[in-house]
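These numbers come from a predicted model, not from an experiment. Counting starts at 1 for both ligands and their atoms, in listed order.
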Amino acid sequence: MKINLRAMRLQFPQVELNIYNKNNPIEVPILKSEIATSSASPNIIRHITFDLSGTELAGKFFAGQSIGVLPPGVTDKGKPEPLRLYSISSPSYGEDGAGNHHSTTVKRLIGEHWETRQLYAGVCSNYLSSLRPGDTVKVTGPSGKRFLLPENSEDFNYVFFATGTGVAPFRGMIKDLMKKGHRGSIVLIFGAPYRTDLLYESYFRQTESENKNFHYIPTISREDPREDGSRPYVQTQLIDRKKLLYPILEQENTLIYVCGLKGMETGIIQGLAAQSLSDYLVFKKPLNGDPYSWDSDIMKRAVKPGERMFLEVY
Ligand code: A2P
């Protein structure tokens, strides 16, 4: 199955980048900040909406792009805190339908120092999560020109793989596709440790109940063991939900988007190769044997996503 993407017109929208940058940020108010997980979750994840109206950013973001946030204060070395990028979780038309209100999905980062065992809090995620409606924040953007829906989005099917807050861009993209009355297949495979960590659950469930072409596959690693007792991950759905996924993936107009934890792409690439879906991949060196036995370090050098697979991992 060789495809000619040029003939299929995989075209991306022209985006304006960095209208505001770190030397020239814009201060905007927070419009809303809501808990995005179930109240029983020990993780604190917020859906935070910025009011961009009246700025050059209004109407300029596309789903899949990121907004930059400049937290106040200085680092241990006395330098200003660097800019952090957050994927927008709103559709291109914004939460308000006019591109003025854009959101992001922020998880409070709390960790333990490996040596001192002291608790530490991630600077920017905690700064943003503590802001209240009306507080202002310095932002930049838009950022990102590769992780976007094609301009001719109606010509394609989509398989989205997300872990955790990696689902953010897919909420926006799915809303964009639904608004356009997309008729092709759309699958969202979303991995979370517990059911209480699922994000935007009611939106995805409702969208699935109203659209036969949208399939939502929550993958709860620590609650729903696979038949052999192992943890399910987004990549294991390539096997466990093969009946649904393979007929979509084998179509030459299907695009794969992956967003979330670094490393999640390894299992997805192995799963695709194991099912002879190698058109999504580019091999710089041939790899032999069972894809599931490939060494992840060797894979990093030998194989990368091809033109129909988009990756954003962190
Ligand atoms: P696990 O339960 O084994 O940690 P969050 O970012 O909210 O913590 O969610 C991450 C989800 O992704 C969890 O279900 C986690 O599983 C899963 N996960 C962890 N590592 C990988 C990986 N390499 N590939 C795919 N999923 C992963």
Which heavy-atom pair separates K180 from S153 by the least distance, and what is that distance?
NZ-OG, 3.3 Å
Testing H102, H47, K175 one by one against E95 for a side-chain hydrogen bond (donor to acceptor under 3.5 Å, both in side chains), which residue passes?
H47
Nearest 0.5 Å please: distance from the OG atom of S143 over to the CG atom of L17.
7.0 Å
Correct closest heavy-atom pair for A273 and S278 would be CA-OG, 4.0 Å
For I174 and F204, which heavy atoms make the closest approach, and how far apart are they?
CD1-CE2, 3.9 Å
For the residue pair F12 and F310, is the inter-centroid distance of their aromatic rings smaller than 6.0 Å?
yes
Counting only heavy atoms and a distance below 4.0 Å, can you name the residues contacting ligand 1?
K107, T163, G164, G191, A192, P193, S221, R222, R231, Y233, Q235, L261, G263, M264
